[in-house]
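The structure appears below as structure tokens.
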Amino acid sequence: MTVRTRFAPSPTGPLHIGGVRTALFNYLYSRHHGGDFLLRIEDTDRERSTDVATQGIIDSLDWLDLARDEPPVFQSQRIGRHAEVARELLAAGRAYYCYCTPEELAAEREQARAEKRVWRYDGRWRDRDPSEAPPGVTPAIRLKSEREGETTLEDLVQGTVRVANIELDDMIILRSDGSPMYNHSVVVDDHDMAITHVIRGDDHLTNTFRQIQVYKAMGWPMPRFAHIPLIHGADGAKLSKRHGAQFALEFREQGFLPEALCNYLMRLGWSHGDLEIVGREEAIRLFDIIDVNRGASRMDYAKLLNLNGIYIRQADDDRLTRDVLHRLAHRPDLALGSHVAARIRALMPALKERAKTIVELSDSAAFLARTAPLPMEPKAAAALTAEAKLMLRDVATDLALTDFSVPSIDAALRAFAERSGLKLGQVAQPLRAALTGSTVSPGIDATLSALGREESLARIVAAAGSGQSATGATSD
RNA sequence: GUCCCGUUCGUCUAGAGGCCCAGGACAGUGCCCUCUCACGGCACCAACAGGGUUUCGAAUCCCCUACGGGACGCCA
């Protein structure tokens, strides 16, 4: 039997990072076993479900490269089938009409809570004849749950979990308006979709016991269940806005690579010895659901950032150049052209060594898309002393004689420094300021080479010329 | 409140009775490399929630307590 897993989010908002991990585990599990990974949109709550959210979920999964094997199933299109199963249950005597009104039940629940009692539906219509039904009330359909013994769940992550059946009341499977309830439709859909492994957040653990009752009542084979722990914020509380990014596409916006996010999320609650860096192929090969921990784990943005840096360094230079160009295109202060793309591509091996996000990478490449005179950071301006400016004119002469390859630039700079009795840093820092407007950049030789002869010399001249009047009487 | 689950360095984790006076990674600190910043290298800091059992021996088995989390809808 082929393994079939599914990710079943409700489209009520952007895809949360916990959902991403659930999707990832489902994906990895099915791939590991050569099975199928499916998507089901649980949009039966018409009030809260939106098309925008649905599209957001699909975009998120696409970005993360969690490919589905079949078109998405929309639960809202299956409510007829859910009702049909409910009627089957009714006909088989495994379910019954309940004529309690929502108001009546809500009041009871409220009262029980006020008295600090546990409230459960008492099954008052379970064995009553429908002829006793009060007039004018359209009934809901409730499942006849087992009332004795206990239900045991052999969870792939949580182990053996038992609940006394007395804890479970007769849940509603079909509302009085004919629409299905979650715990019912999930079972019908999972069955019809031939799902073999249900991997989901452990907030669903207690639902499972109710769902098992439906499987039993229908005589359907049960899938295996795996309830994975939730992700919390740094303070151990539920992940929320103040903890930082929490939605998949937010991470994309903040410059994270999908493979870094996947690697991070996979290692959260799962491990394979001391292994930290796990690419997609290896993840598929190594992933097993029984290696997933039971306890909730906390989101550590610092570690994700570190991982992102590692993935950026490993990433293909052309791809990173495209990403950077895409981001820089939105900046009104820059002028992009093919020569800029070439410069960024040329310097990319050095740039990516220094960035932890695509945002940082883009910022660090921005100077390549400017034209002289450059805006100067205060520290860079300070590096351009009168003395330095004079030195720049001289070094420009030497540089002009090179072929602007990295080795020849390096050789020229070292020779110049030695001849002038300067340390390399005393030459490189003013040059860096002149070329980038900053005190931080890749190696000065690579920076010069990427910028090219013409642009480099123009920037040096611009920087050296602006303080021409300096005669040694400069203040501060 | 009831039911269920969990608890190893700040964080993610290794650990399936002796290999552990607890290992790795991130973060932090210091040093080295060095034209800046990174990268890289080296080192330091730092944990078995508490108590009680079993055992020759427990982070590992069992029990209790504390703390944390989840679920208790005609929501999903």
Side-chain angles (χ1 to χ4, degrees), chain A residues 8-12 42-45 47-49 75 98 100-103 105-106 109 112-113 115-121 139-142 153 155 157-159 161-164 166-169 171-177 179 181-183 185-186 201-207 209 227 229-230 232 234 236-238 264 267-277 293-307 309-310 313 350-356 364 379 383 410 413-414 417 423-433 436 438-445:
Chain A
S10 45
T12 55
E42 309 220 313
D43 56 350
T44 48
D45 186 340
E47 301 282 300
R48 298 193 298 150
S49 301
Q75 197 162 54
C98 170
C100 298
T101 64
E103 295 73 25
L105 298 174
R109 199 170 0 250
R113 192 161 47 173
E115 294 168 16
K116 298 193 172 177
R117 289 196 335 262
V118 185
W119 184 85
R120 285 190 204 95
Y121 176 70
I141 297 178
R142 285 185 186 267
L153 166 66
D155 193 275
V157 171
Q158 303 294 333
V161 186
R162 293 171 220 277
V163 164
I166 196 77
E167 302 290 336
L168 278 18
D169 58 7
M171 67 164 173
I172 290 176
I173 53 177
L174 205 67
R175 278 182 277 253
S176 47
D177 68 359
S179 64
M181 287 284 287
Y182 171 76
N183 279 319
S185 35
V186 164
D202 77 13
D203 50 338
H204 285 290
L205 186 65
T206 52
N207 280 329
F209 293 94
H227 289 91
L230 270 18
H232 291 153
K238 201 172 172 184
Y264 175 76
R267 275 287 285 107
L268 213 54
W270 174 92
S271 61
H272 186 82
D274 288 338
L275 197 62
E276 296 283 351
I277 310 300
N293 289 159
R294 300 192 205 185
S297 43
R298 302 179 182 205
M299 183 70 194
D300 183 354
Y301 292 92
K303 187 153 184 168
L304 170 61
L305 197 60
N306 172 271
L307 219 38
I310 291 170
R313 270 173 256 140
L351 287 172
K352 70 179 183 183
E353 199 78 20
R354 296 161 166 75
K356 294 228 186 307
S364 74
K379 280 184 180 173
D410 181 65
L413 254 27
R414 286 180 191 280
K423 288 185 175 175
L424 193 54
Q426 293 175 288
V427 179
Q429 271 311 84
L431 262 178
R432 185 163 357 250
T436 70
S438 162
T439 54
V440 176
S441 85
I444 201 65
D445 46 5

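Both backbone and side-chain heavy atoms feed into the values below; hydrogens, waters and symmetry mates do not.
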side-chain hydrogen bond (donor to acceptor under 3.5 Å, both in side chains) filter on A:Glu42, not counting sequence neighbours, yields A:Arg40, A:Gln75
Tell me what A:His232 touches on the nucleic acid: a base, only sugar-phosphate, or nothing, going by heavy atoms under 4.0 Å. sugar-phosphate
Polar atom pairs (N or O), protein with nucleotides 38-42 of chain B, under 3.5 Å:
residue: B:rA38; atom: O2'; partner: A:Glu353; partner atom: O; Å: 2.6
residue: B:rC39; atom: OP1; partner: A:Lys356; partner atom: NZ; Å: 3.3
residue: B:rC39; atom: O3'; partner: A:Arg313; partner atom: NH1; Å: 3.3
residue: B:rC39; atom: O2'; partner: A:Glu353; partner atom: OE2; Å: 2.8

According to ring-ring contact (aromatic ring centres under 6.0 Å, His included), who are the partners of A:His204, at least two apart in sequence or on a separate chain? A:Tyr182
With sequence neighbours excluded, residues passing side chain to side chain contact (heavy atoms under 4.5 Å, CB included) with A:Ile166: A:Ala164
Regarding A:Glu42, tell me which of base, sugar-phosphate or nothing describes its non-hydrogen contacts under 4.0 Å with the strands shown. sugar-phosphate
Please classify the nucleic acid contact of A:Thr439 as base, sugar-phosphate, or nothing, using heavy-atom distances under 4.0 Å. base
Heavy atoms from C-beta onward define the side chain here; which of B:rA14, B:rC35, B:rG70 lies closest to that of A:Leu230? B:rG70
Rounding to a whole Å, what distance do you find between A:Leu268:CG and B:rC26:P? 16 Å
Can you check nucleotides 18-23 of chain B for protein contacts, nitrogen or oxygen pairs under 3.5 Å, and list what you find?
residue: B:rG23; atom: N2; partner: A:Asp274; partner atom: OD1; Å: 3.1

Touch check for A:Gly269, heavy atoms < 4.0 angstrom, all strands: base, sugar-phosphate only, or nothing? sugar-phosphate
Answer yes or no: does a side-chain N or O of A:Ser441 lie under 4.0 Å from OP1 or OP2 of B:rU36? no
Taking only residues two or more places apart in sequence or in another chain, which ones pass side-chain hydrogen bond (donor to acceptor under 3.5 Å, both in side chains) with A:Asp45? A:Arg48
Just to verify, what does A:Arg113 make a side chain to side chain contact (heavy atoms under 4.5 Å, CB included) with, not counting sequence neighbours? A:Glu110
Could you check whether A:Thr44 gets within reach of a base, just the sugar-phosphate, or nothing at all, counting any heavy atom under 4.0 Å? sugar-phosphate
Is A:Asn183 near enough to B:rG73 that one of its side-chain N or O atoms lies under 4.0 angstrom from OP1 or OP2? no
Apply side-chain hydrogen bond (donor to acceptor under 3.5 Å, both in side chains) to A:Asp274 and list each qualifying residue two or more places apart in sequence or on a separate chain. none
Would you classify A:Asp445 as touching base, sugar-phosphate or nothing, given that sugar-phosphate means primed atoms plus P, OP1 and OP2, and contacts are heavy atoms under 4.0 Å? base
Side chain to side chain contact (heavy atoms under 4.5 Å, CB included) partners for A:Leu307, two or more places apart: A:Asn263, A:Tyr264, A:Ile277, A:Ile310, A:Tyr311
Between the protein and nucleotides 4-11 of chain B, which nitrogen or oxygen pairs are less than 3.5 angstrom apart?
residue: B:rC5; atom: O2'; partner: A:Gln158; partner atom: OE1; Å: 3.1
residue: B:rG6; atom: OP1; partner: A:Arg294; partner atom: NH1; Å: 2.3

Who pairs with A:Ser179 by side-chain hydrogen bond (donor to acceptor under 3.5 Å, both in side chains), at least two apart in sequence or on another chain? A:Arg175, A:Asp177
Partners passing side chain to side chain contact (heavy atoms under 4.5 Å, CB included) against A:Glu115 (at least two apart in sequence or in another chain): A:Gln111, A:Arg117
Just N and O in the side chain of A:Arg175: are any of them under 4.0 Å from OP1 or OP2 of B:rA76? yes
